[in-house]
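It should be emphasised that the depicted structure is a prediction, and the values quoted were computed from it without experimental measurement. What's counted below: heavy atoms across the whole structure, side chains too, no hydrogens, waters or symmetry copies. Proteins get letters first, then strands, A, B, ... in listed order; numbering begins at 1 in each.
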2 protein chains.
Amino acid sequence: MIGVFTLKITKKQQSLPLSQVKINDGFWNKIQKLVQDVVIPFQADILEDIADVKDKSHAIRNFRIAAGEETGEFHGFPWQDTDVAKWLEAAAYSITIKPDTALEARMDEMIRLVAKAQRPDGYLNTFFDLKEPGKEWTNMRDWHELYTFGHMIEAGVAHHLATGKDSLLNVVVKLADYITNRFGPENEGKTRGYPGHQEVELALLRLYRITGKKEHLQTAKYFLDERGTEPNFFVEETRKHRPHEKHYGIENTKYNQSHEPVRQQKEAVGHSVRALYMYASMADLAAETGDEALYNACGSLMDNMLSKKMYITGGLGSTVHGEAFSPAYDLPNDIVYAETCASIAMCFFARRMLEIKPTGKIADVLERQLFNVVLASMQLDGKRFFYVNPLEVVPGIAGVAHTHRHVLPTRPNWFACACCPPNVARMLLSLGRYAWGEGENTVYSHFFLGGEAQFKAGGGVSISCKTGYPWDGNTCYTINNNAEFTFAIHMPSWCRNAKISVKNSEGSISVGASTNHLAANGLIYEFKDGYWYISGKWQSGDVVKITADLPVLHIYSHTAVSDNVGKVALQRGPIVYCFEEQDNSGNLAALRISPEKGVLEVQGDGIFDGAILLKMQGIRRENTLDELYSETKPAETPQELLAVPYFMWGNRTPGEMRVWMGI
Amino acid sequence: MIGVFTLKITKKQQSLPLSQVKINDGFWNKIQKLVQDVVIPFQADILEDIADVKDKSHAIRNFRIAAGEETGEFHGFPWQDTDVAKWLEAAAYSITIKPDTALEARMDEMIRLVAKAQRPDGYLNTFFDLKEPGKEWTNMRDWHELYTFGHMIEAGVAHHLATGKDSLLNVVVKLADYITNRFGPENEGKTRGYPGHQEVELALLRLYRITGKKEHLQTAKYFLDERGTEPNFFVEETRKHRPHEKHYGIENTKYNQSHEPVRQQKEAVGHSVRALYMYASMADLAAETGDEALYNACGSLMDNMLSKKMYITGGLGSTVHGEAFSPAYDLPNDIVYAETCASIAMCFFARRMLEIKPTGKIADVLERQLFNVVLASMQLDGKRFFYVNPLEVVPGIAGVAHTHRHVLPTRPNWFACACCPPNVARMLLSLGRYAWGEGENTVYSHFFLGGEAQFKAGGGVSISCKTGYPWDGNTCYTINNNAEFTFAIHMPSWCRNAKISVKNSEGSISVGASTNHLAANGLIYEFKDGYWYISGKWQSGDVVKITADLPVLHIYSHTAVSDNVGKVALQRGPIVYCFEEQDNSGNLAALRISPEKGVLEVQGDGIFDGAILLKMQGIRRENTLDELYSETKPAETPQELLAVPYFMWGNRTPGEMRVWMGI
């Protein structure tokens, strides 16, 4: 249980704009560099059809044709434009982190085409321009016009914030105005409707913060308010435009979360990415409007996922059928879905929930996503990406058996529907926004991220951070100005014996998390809901040190998850570990480990350079007979085992992988 | 490993005709009575659309319309006629066991309609008559004409053997002649082709034994010889008749086992019922023609299933996708398919393999099927049937989660495609043919079945059998004539400390299975391949006694079956046990049992009257926190557990069920 969400939403904390965060971090720098140096250019090459990949994207050519600069036919999905939008957003973050004129020029050229492809009335979608003109707004359920608009709006906001330019912002404001004018209450002369794939709600709220135009917020609110009301819009749309289609029932409306009004939703159901984009926008709107019913629904949904529907790796949406949430505790490790985009979307949701109420468990979830599924989705060379993130893979069954067709033992490269790779890029490059926040003269550190951040709080304080996280639990913050403010620091639940030490002109003090309230050293220390709050007058050079153990934890699953009973998973800090065939030979299911026995932390080398690997004495259970069933208990022989970080799996010769191990 | 099949097929043993077997058995009598008193009339009511079930069958009406005695439209699948055929076959067995003039009259009326619906040229299929005239033989892959013909031929044979009448035999001989004239080598002026769903091969071989017409055997052989040769017939048929259809590749030909010549097939693949019907016909043909290559293929396929692809309950075909075999060791307990018909088809295959070479392991498989999946498929009231036979069911996930939609926690009644229920009926009523066999002056008892059987061997010997099987391991055979012959008795591998005792005029002797060869008591005793062979001169009143323990066995699975590692299943005699929620409360996954601890056998009551149930001390693992993941090992509390025979599960309030238990 996360706790009952009864807080009045009276104040609000904002994540820090990316431009105010400098990252200088032993762990994240090389990942961001990889995304900037490899992923961003590689994905641009794909969008421009000059990369050496099997499935051509055609996304830029669609715009070029729509702009009248080339002839040809549309190619791809109705939402093909979003690949360009998501890349533009990621590229905007990239140049915020590190200016790059060549990249900016490449963006400018794309933006020029996008702008030219926009219709005079603001409508913008190359699929409808080139392939289905006249069919606009006849299938909002499946053709994702609003989703496509949303991603472009997000790109426009990001580009404007990164460059100060209005070239894409003007396009997306026109686009948002188009939506705003079209959709709304019928008694205002507008058209009823809401997106089949949520996303535009988030986008309009982001845009609203730039434009300040109430209509942008109102339309986001309208989409959320209208969703799930009777008569169901998609049922009506289907009846009107596709009368031949079979019955569209509750299962179908659950798929896109239009089965009940959003404020009444308590269980995470349906397509996981749709759901999580919606939850994120609900939290965003609740924060913006102080809507407690909306916030309470968000709390229930978060609670439902955390207590019944999330893999230990953070994976969400356990079934391939509809890429969807399954019933409570149905978390199979081998036929899992756990789409990368769902974990990214959970980061969106968690960040917005933290902005309303900093809560340790939610900040932990953010870390669980980032350090596991999100990172695991990307190959270490930045060129291939998992869409599906299994916790158990046996080649020959995974990817082969019909039930396991979608579970691949190696990362595929660009898919026809390339939702995940550019989503990973924009996530990893906007990391700064997730690490830091501020509000009401309080500065928040949601997770340990080396570098420096600049706040409005305390009249403009800057804080530097040095950290060995996630490999060690020591972090050191330095306050760079004299200022009076509260410094709030999240202490992840997996940090043990954690102490916070403050050294200032009045001396040094060291406090453990068991100390709820203390006034010392000229400051007031409080620990609540997973956060330390240290308030008072700070001076330039004051140092806040976190020292914490990161022991290897043997994690047990709730026994209602039938696949995990009698098993443990290894976790150290936020990082979940797995066993690979390369280190432990095949048939990993036959291995077992003993939680009572010690685990040795060893420094990795080669592709694991810099990482901590885990060595332990285990047992292999081996059949002495070749029979399927026998009275003979499989013989047990000791075997030294090695576990590696889950996020690094699948970067060697393809083989078996397994997270949950028998005990 | 079953052992290498290198035996020359020089002799052949036949299963005993049903008319020569009288069943008088504490276990089977009431099951056969249920099938005769409830299942057969209930299914006839369904076929005649007078039963109170949701899905109407329309099968008899189709014939009535085709016969010109009613107007209306065809309803059902292209193979709807087979429901009538399978019922007629089962009813024929029923009247063989117990004459019933009312039932025979009901059959006669159906047969009259069937005969009237046959075209003058012998063709018989109401779907093509009423719904798709002119489209005959344009889709042999999916429309199952030959499969439908095959079932009617089997019905004709069974009806003739049961009643001596020719009314249906004449129909099916015309039908078989039609096939025989049409299909065959193109250089003989015939049409190329073979069935999309195998079955007619078996049927033609059965008919051949009645008619003695070489063409009936030749056509069965042609279908098997032609299958899997290049160019693939279905690829050509698809190209010719459905050119718009997408690529029809190796995966599709594997589905119906046309991917390679049958003699080269070594791995069980594709649709499991298709596969097993084919394997049964291959064994049948091998026995008939002495074709060693065919027999060796059968051996490899049997070996492959037994060592890599069969559930402990006998279930075959682990995936719902194509109702098919999955890769080796992919035997999930919860998203299983394990169609009832596949287990019945395995009985067909095993019986035919035993006819060629009595082998203990194959006779064991026959028992495993009968006492587990086959019986489990039928509700104890005979009115509902499982098509899918899971080993783990959690209501709320089973039947609900998309991956588990097909896995129902309770038996459905009549399905639109009602393949399984009439198949169960014909299987259970023809049990006598599976229990006994004879050949070359040898009498075979393949499994213990109380009653009496009449053989040609020894100049016409009759043997009586009294048994407490499967609940106890004591069986007593009495020889009813003076005769010289070999008596071969299968000793199931799960019978322990088994002794065979013979009491005749020369005295008494008792021999254990460790005695390979012994001459004593005027007889010669040999034990090989799971069978005792006792040869010599018998006298009326000689008694052969089997005494064997049936201890409760803790069975371990091969560790390559990842779902079963660290688990055991309970088996006593041929009967696999399971745990149900009603006896052990919910979350069965959280329970574990200790193989070292004793198991108490208790007499069941209520629906379990007559059955042995198993009581034991177990452990429940329970979460102290409501968190999905925690460092706290679930608390362990002792709990008394009760296991019930798997074949009786799902006969009370719906709830959880589980076969494999953590240890």
Side-chain angles (χ1 to χ4, degrees), chain A residues 1 306-310 312 318-322 324 326-332 334-335 392 394 396-397 400-405 553-563 565-569 571 587-590 592 595 621-623 625-634 662-663, chain B residues 1 306-310 312 318-322 324 326-332 334-335 392 394 396-397 400-405 553-563 565-567 569 571 587-590 592 595 621-623 625-634 658 662-663:
Chain A
M1 298 292 286
L306 266 54
S307 64
K308 294 187 176 66
K309 301 201 173 189
M310 187 178 71
I312 190 171
S318 58
T319 178
V320 61
H321 298 272
S326 212
Y329 303 116
D330 180 34
L331 294 164
D334 58 341
I335 56 166
E392 183 183 325
V394 177
I397 293 176
V400 177
H402 276 272
T403 42
H404 297 65
R405 278 279 161 90
L553 307 176
H554 288 87
I555 305 291
Y556 295 85
S557 168
H558 194 291
T559 55
V561 182
S562 60
D563 275 9
V565 182
K567 295 184 189 147
V568 291
Q571 188 177 337
N587 197 8
L588 298 176
R592 64 182 186 81
R621 293 167 286 193
E622 206 121 40
N623 293 76
L625 303 166
D626 196 28
E627 290 184 346
L628 255 184
Y629 307 109
S630 141
E631 281 168 77
T632 311
K633 188 173 181 177
I663 52 175
Chain B
M1 297 290 287
L306 266 55
S307 65
K308 294 186 175 66
K309 301 200 173 188
M310 187 178 72
I312 191 171
S318 58
T319 177
V320 62
H321 298 273
S326 212
Y329 304 117
D330 181 35
L331 294 165
D334 57 341
I335 56 165
E392 184 183 323
V394 177
I397 294 176
V400 178
H402 277 271
T403 43
H404 298 64
R405 279 279 162 90
L553 306 177
H554 288 86
I555 305 291
Y556 295 85
S557 169
H558 194 292
T559 55
V561 182
S562 60
D563 274 10
V565 183
K567 295 184 187 146
Q571 189 178 338
N587 198 9
L588 299 176
R592 63 182 186 83
R621 294 168 284 195
E622 206 120 40
N623 294 76
L625 303 166
D626 196 29
E627 290 185 345
L628 254 185
Y629 307 109
S630 143
E631 280 167 78
T632 310
K633 188 173 180 176
R658 193 176 184 91
I663 54 174

*asked:* Using heavy-atom distances under 4.5 Å, tell me whether B:Q571 contacts chain A through its side chain, its backbone, both, or neither.
replied: neither
_Please identify, among B:H321, B:R658, B:K308, B:R592, the residue contributing the most non-hydrogen atom pairs under 4.5 Å to chain A._
B:H321
*Do you know which two heavy atoms are closest between A:S557 and B:N623, and how far apart they sit?*
O-ND2, 3.8 Å
_Most contacts with chain A, counted as non-hydrogen pairs under 4.5 angstrom, among B:G662, B:A560, B:S326_ = B:A560
*Please name the pair of heavy atoms, one in B:A589 and one in A:S562, separated by the smallest distance, quoted to 0.1 Å.*
CB-CB, 3.5 Å
*Measure distances from A:A328 to the heavy atoms of chain B and classify the residue's part below 4.5 Å as side chain, backbone, both or neither.*
backbone
_Heavy-atom pair count under 4.5 Å with chain B, highest-scoring of A:P634, A:G322, A:G396, A:A569_ = A:P634
*Side chain, backbone, both or neither of A:T403 within contact of chain B (heavy atoms, under 4.5 Å)*: both
*Against chain B, label A:L588 side chain, backbone, both or neither, depending on which of its atoms sit under 4.5 Å from a heavy atom there.*
neither
*Can you name the residues that form a side-chain contact (heavy atoms from CB on, under 4.5 Å) with A:V568, not counting sequence neighbours?*
A:H554, A:Y556, A:I593, A:P595, A:I663
*Determine the minimum heavy-atom distance between A:L628 and B:K309, stating which atoms define it.*
CD1-N, 3.8 Å
*For the atom pair CD1 (A:I335) and NE2 (B:H402), what is the distance rounded to the nearest 0.5 Å?*
12.5 Å
*If you tally heavy-atom pairs under 4.5 Å against chain B, which of A:L331, A:V561, A:I555 wins?*
A:I555
*Side-chain donor/acceptor of A:Y329 to backbone N/O of B:I397, under 3.5 Å*: no
_Can you tell me which portion of A:N587 sits under 4.5 Å from chain B's heavy atoms? Options are side chain, backbone, both or neither._
side chain
*asked:* Given heavy-atom pairs under 4.5 angstrom as the criterion, report whether the side chain, backbone, both or neither of B:R405 touches chain A.
replied: side chain
*Contact check, side chains of A:D626 and B:H558, non-hydrogen atoms, under 4.5 Å*: yes
_Test salt bridge (Lys or Arg N to Asp or Glu O under 4.0 Å) applied to B:R621 - qualifying residues, sequence neighbours left out_ = none
*Name the member of A:T632, A:V320, A:V394, A:D563 that forms the most heavy-atom pairs with chain B at distances under 4.5 Å.*
A:T632
*For A:A590 and B:V565, which heavy atoms make the closest approach, and how far apart are they?*
CA-CG1, 4.1 Å
